[in-house]
Amino acid sequence: MSARPSINIAGAGPGGLASAMLLAAKGFDVQVFERRSRVGGRTSYIVDGDFKFDAGPTFFLFPQLLEEIFAEAGADLNEEVEMVRLDPQYRLVFEDGPTLDATPDLDQMEREIAKISEADAANVKKFMAENAWKLEKLSPVLQKPFNGLADFIDPSLFSALPAVRPWASLDQDLKRHFKDPRTRLAFSFQSKYLGMSPYRCPSLFSILSGLEYEYGVYHPIGGCSAVSEAMARVAQRMGVKIHLDEPVEQLIFDGGKKKVAGVKTKSGEHRADAMFINADFARAMHRLVPEGMLKRWGEKKIETKSFSCSTFMLYLGIDKVYEDLPHHTICMSKDYEGNLDDIENQHRLSADPSFYVQNACVTDRSLAPEGQSTLYILLPCSHQHENIDWSVEGPRYRELALDRLKLIGLDDVRGHIVCETMITPADWDTDYEIHKGAVFNLAHNIGQLLHNRPRNRFEELDGVYLTGGGTHPGSGLPVIYESARISSNLAAKDFALA
Ligand SMILES: Cc1cc2nc3c(=O)[nH]c(=O)nc-3n(C[C@H](O)[C@H](O)[C@H](O)COP(=O)(O)OP(=O)(O)OC[C@H]3O[C@@H](n4cnc5c(N)ncnc54)[C@H](O)[C@@H]3O)c2cc1C
C-alpha cells in the first residue's frame with residue numbers, strides 16, 4: 001500500500017470522475033475501474049458511422065459548480081471544453097398549442113408566456129425572483145451530507161424550510177403564480193430531469209427552472225460526453241489510474257466483516273484504504289455485496305423502493321440539417337398528466353406520448369459530416385415492468401416516435417435517415433447495468449431524499465462512500481458533481497486530509 005491513503009472507485013461516470021479529481025487533489029492515491037470501454041457512463045457518447053451522439057444528458061446546467069471542481073483540481077473547465085450558452089434555451093411545443101421559445105431574456109419570456117395567458121405573463125418575474133431566493137436558501141442544504149437526524153439540527157436547514165414547502169408538489173406550488181396548466185408545465189417540466197412528474201415531485205425542485213433562467217442552459221462542444229472526457233484527462237494528469245474494460249467483480253471484505261478492503265477485477269485483487277461506488281446504486285448492491293449482508297439496502301428492501309422512469313431513445317444520423325429546429329425541442333402531449341400516469345403508475349405505453357428532440361448540429365457542427373446532422377429523440381416511459389415487452393414494443397414505438405415528429409414540423413425524417421441506434425429501458429438495464437433501466441435512479445420523493453437516500457458515507461459498509469445519482473443530493477449532473485464533492489470532503493475528513 002502506498003504512503004498516501006488509497007481509494008478505489010467503481011465506475012467512471014460523472015460521479016466517479018468528479019470524485020477522482022477531487023480525491024487526487026486532496027492527496028489520495030486513486031484508481032478508477034470502469035466496466036465499459038469508455039468513460040462517462042450515461043454521460044458518454046454513441047458513435048454510428050460518422051455521427052456522434054450524447055448517450056444521455058444533453059442539458060448542461062450550472063457549469064459554475066463543475067468549474068469549481070476543475071479549479072480545485074488545478075484545471076480550467078473552459079480551457080478543456082468550449083461551452084456555448086443557448087438562447088433560446090429550448091422550444092416548448094404544446095400539442096394543443098401554442099409554441100414558445102424559452103429565453104433567459106425575461107422581457108421576451110413574458111411575451112412568450114403571454115401567448116398562453118397575459119395574467120400568467122405578469123407573474124413571470126416575481127416567480128423568477130422567488131426562485132432565486134429559494135436557490136440561495138437551499139444551496140447550503142444541497143452542499144452538506146445527511147447522515148442522520150442530527151444533521152437536521154442545522155441553522156441552514158431551518159432557514160431553508162419556508163422555501164421547501166415539503167407538503168406541496170411542484171405543480172401545486174406553481175399554482176400560487178400561474179393559473180394556466182401549460183404555463184405551470186413550462187416552468188415545471190424540468191422535474192423530468194429527475195425522472196419525476198411535476199404532480200408528484202417535491203416543490204423545492206422549482207429551483208431547476210430557476211437554474212436554467214438564472215445561470216443558463218449550455219451545450220459543451222463535442223457534447224456532454226466531452227465534459228466526461230475532459231474530467232478523465234485532468235484526473236489522469238493528476239496521477240489517477242483509469243482502468244477501462246475492467247468491471248469490479250467483487251468487493252473484498254476484511255475478515256468477513258463489513259469493512260471493504262479492496263476490489264477484485266479481471267486483473268486480480270486491488271487493495272485500498274477506502275472505496276467509492278459510482279456504479280448504479282441498486283445494481284451495485286445486488287452484484288457486489290453478498291446476499292444478506294445489508295439491512296437497509298438489501299435486495300428485498302430495495303425492491304420496496306420507488307424508482308424513477310426510464311427513456312426510449314432513437315439516435316438518428318440524418319443526411320440534411322433541420323436549420324429551423326432549435327437545439328432543444330420539448331413536445332408536451334395533449335394529455336400530459338395521463339402520459340405521466342401511464343409512466344409512473346400504470347406502467348404502460350401511452351398512445352400519444354410527450355417527447356424531446358435534440359438537434360445539436362445547429363450549434364455544433366463537429367457531430368456529423370458537412371451538410372448532415374444528428375437527431376436525438378427521447379420518450380420518457382416506464383422503467384422495466386412486466387407489462388411491457390420491449391422486444392415487441394421497441395419497433396412499434398420507433399414508428400410512433402417518428403410519426404410524432406410531425407408535431408414539431410419534422411414530416412420527412414424517415415426519408416433522410418442514414419443510420420440509427422435504438423435504446424429501450426431493457427437495454428439501459430442490461431447493457432448499461434441500471435436497475436430496472438430506471439435511468440434517474442431511486443425516485444426523488446421526500447421519503448427517498450436527504451438522510452432517506454443511500455448516504456454519501458455509506459451507512460451499511462465500512463470504508464465505502466457513494467457518489468453519483470444514487471446518493472444525496474440526487475440525479476442530474478450538477479447535483480451528481482455535488483455528491484462527489486460531499487463524499488470526497490467526508491473521505492478527506494476521515495483520513496485527516498481535510
Ligand atoms: C437519456 C438520459 C438523459 C439524461 N439527461 C440529462 C440532462 O439533460 N441533464 C442532466 O443533468 N442529467 C441528465 N441525465 C441524468 C444523469 O445526469 C446521467 O445519467 C449521469 O450520467 C449519471 O451519472 P452517475 O455518475 O450517477 O452514473 P453513470 O453515468 O451511470 O456512471 C456509472 C458508471 O459506473 C460504471 N459501472 C457500473 N457497474 C460497474 C462495475 N461493476 N465496475 C466498474 N464500473 C461499473 C458504468 O459503466 C458507468 O460508467 C440523463 C440520463 C439519461 C439516461
Side-chain angles (χ1 to χ4, degrees), residues 8-20 31-44 46 53-63 65-66 90 190 192-195 208 211-212 217-220 223-225 227-228 231-232 242-251 263-266 275-289 308-315 328 330 356 358 376-381 423 425 427-428 431-435 437-442 466-471 474-484:
N8 287 329
I9 301 181
L17 293 169
S19 302
Q31 294 206 74
V32 182
F33 299 91
E34 167 54 51
R35 66 177 277 275
R36 297 181 70 229
S37 58
R38 58 178 67 128
V39 299
R42 287 163 245 192
T43 312
S44 61
I46 287 170
F53 306 83
D54 269 320
T58 54
F59 278 68
F60 200 87
L61 302 184
F62 202 47
L65 199 158
L66 194 59
Y90 38 80
Q190 295 82 354
K192 270 276 143 257
Y193 303 165
L194 304 171
L208 287 173
L211 278 181
E212 291 178 348
V217 174
Y218 286 83
H219 172 74
C224 288
S225 64
V227 174
S228 302
M231 294 168 82
I242 300 180
H243 308 269
L244 298 177
D245 284 317
E246 195 163 341
V248 169
E249 293 163 358
Q250 234 178 288
L251 302 182
V263 297
K264 191 166 170 295
T265 72
K266 67 181 180 190
M275 160 101 217
F276 270 49
I277 297 181
N278 174 227
D280 182 72
F281 172 76
R283 183 58 51 88
M285 292 305 108
H286 175 58
R287 286 254 194 277
L288 303 180
V289 183
S308 78
C309 70
S310 187
T311 60
F312 171 84
M313 314 290 303
L314 289 177
Y315 309 88
H328 298 300
I330 295 132
Y356 156 72
Q358 187 209 34
Y376 161 125
I377 302 163
L378 180 158
L379 281 68
C381 57
I423 294 188
D427 301 318
W428 288 123
D431 298 353
Y432 285 77
E433 283 282 14
I434 297 167
H435 184 65
V439 292
F440 305 99
N441 304 85
L442 282 164
L466 303 177
T467 181
T471 185
S475 190
L477 289 175
V479 279
I480 285 170
Y481 300 139
E482 193 61 68
S483 77

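Atoms within each ligand, like the ligands themselves, are counted from 1 in listed order. Hydrogens, waters and symmetry mates play no part in the numbers below; they use all other heavy atoms, side chains included. Fair warning: this is a prediction, and the values are worked out from it, not measured in the lab. All residue numbers in this chain count up from 1 along the given sequence.
For atom 32 (C) of ligand 1, the nearest non-hydrogen atom from the set N278, T58, I9, V39 belongs to N278. Residue nearest to atom 46 (C) of ligand 1, selected from R36, K192, E34: E34 (by heavy-atom distance). When the options D431, V248, L477 are ranked by their closest heavy atom to atom 17 (O) of ligand 1, first place goes to L477. Counting only non-hydrogen atoms, the option in G41, S475, G56 that gets closest to atom 3 (C) of ligand 1 is G56. When S225, P14, A279, S310 are checked for heavy-atom proximity to atom 39 (C) of ligand 1, A279 turns out nearest.
Residues H328 and F59 bring their aromatic ring centres within 6.0 Å. Residues Y315 and F53 place their aromatic rings such that the two centres sit under 6.0 Å apart. Here the two rings, on Y356 and Y376, have centers that are under 6.0 Å apart.
A heavy-atom distance below 4.5 Å is found between the side chains of L17 and I242. In this structure the side chain of M231 reaches within 4.5 angstrom of the side chain of Y481, judged on heavy atoms.
Look at Y376 and you'll find a heavy atom under 4.0 Å from some atom of ligand 1. Assignment of D280 to the shell around ligand 1 is not supported, since no heavy atom sits closer than 4.0 Å.
For atom 51 (C) of ligand 1, the closest non-hydrogen atom of the protein is F440 CE2, 3.8 Å. In this structure, the protein non-hydrogen atom closest to atom 14 (N) of ligand 1 is P57 CG, 3.5 Å. R42 N, 2.9 Å is the protein heavy atom nearest to atom 29 (O) of ligand 1. Here the heavy atom of the protein found nearest to atom 21 (O) of ligand 1 is T43 OG1, 2.6 Å. From the protein, the heavy atom lying nearest to atom 45 (C) of ligand 1 is R35 CG, 3.7 Å. Closest to atom 31 (O) of ligand 1 among all protein heavy atoms lies G13 CA, 3.2 Å. For atom 16 (C) of ligand 1, the closest non-hydrogen atom of the protein is I480 CD1, 3.9 Å.
Within the 3.5 Å criterion, the main-chain N or O of E246 finds no donor-acceptor partner in the side chain of T265. At least one donor-acceptor pair under 3.5 Å links the side chain of D280 to the backbone N or O of H435. Counting only distance, with no hydrogens or angles, the side chain of N278 and the backbone of T467 share a donor-acceptor pair below 3.5 Å. In this structure a side-chain-to-backbone donor-acceptor pair under 3.5 Å is present from S44 to G41. Put simply, the side chain of D54 gets close to the backbone of C224: a donor and an acceptor are under 3.5 Å apart. When atom types are taken as modelled, the side chain of K266 and the backbone of D245 share a donor-acceptor pair closer than 3.5 angstrom.
Side-chain contact of Q31 with H243: a donor-acceptor pair under 3.5 Å is present, judged by distance alone. Neither side chain, S228 nor T43, offers a donor N or O lying under 3.5 Å from an acceptor on the other.
Interface of G11 with ligand 1, defined as ligand atoms under 4.0 Å from a residue heavy atom, comprises 33 (C), 34 (O), 35 (C), 43 (C), 44 (N). Residue contact check: F33 has heavy atoms under 4.0 Å from atoms 43 (C), 44 (N) of ligand 1. For ligand 1, the atoms sitting less than 4.0 Å from at least one non-hydrogen atom of G469 are 26 (O), numbered in the order shown with element in parentheses. Close approach of ligand 1 to G15 is summarised as follows: ligand atoms under 4.0 Å from at least one heavy atom of the residue are 25 (O). Here is the list of ligand 1 atoms found below 4.0 Å of a heavy atom in T311: 1 (C). Contact atoms of ligand 1 toward V439: 53 (C) (distance under 4.0 Å to a heavy atom of the residue). In the vicinity of G40, heavy-atom distances shorter than 4.0 Å reach the ligand 1 atoms 29 (O).
Note: no N/O pair closer than 3.5 Å links W428 and ligand 1 by distance alone. Every N/O-N/O distance between E433 and ligand 1 stays at or above 3.5 Å.
Ion pairing of E433 with R287 is present here, as a side-chain N (NZ or NE/NH1/NH2) and a carboxylate O approach within less than 4.0 Å.
With a heavy-atom cut-off of 4.0 Å, F59 touches ligand 1 through backbone and side chain alike. With a 4.0 Å cut-off on non-hydrogen atoms, M313 touches ligand 1 through its side chain and not its backbone.
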Using the rule given for side-chain contact (heavy atoms from CB on, under 4.5 Å), can you reason through N441 versus S308, listing the C-alpha separation, both sets of side-chain angles and the distance that settles it, and then say yes or no? CA-CA 6 Å; N441 304 85; S308 78; 5.6 Å; no

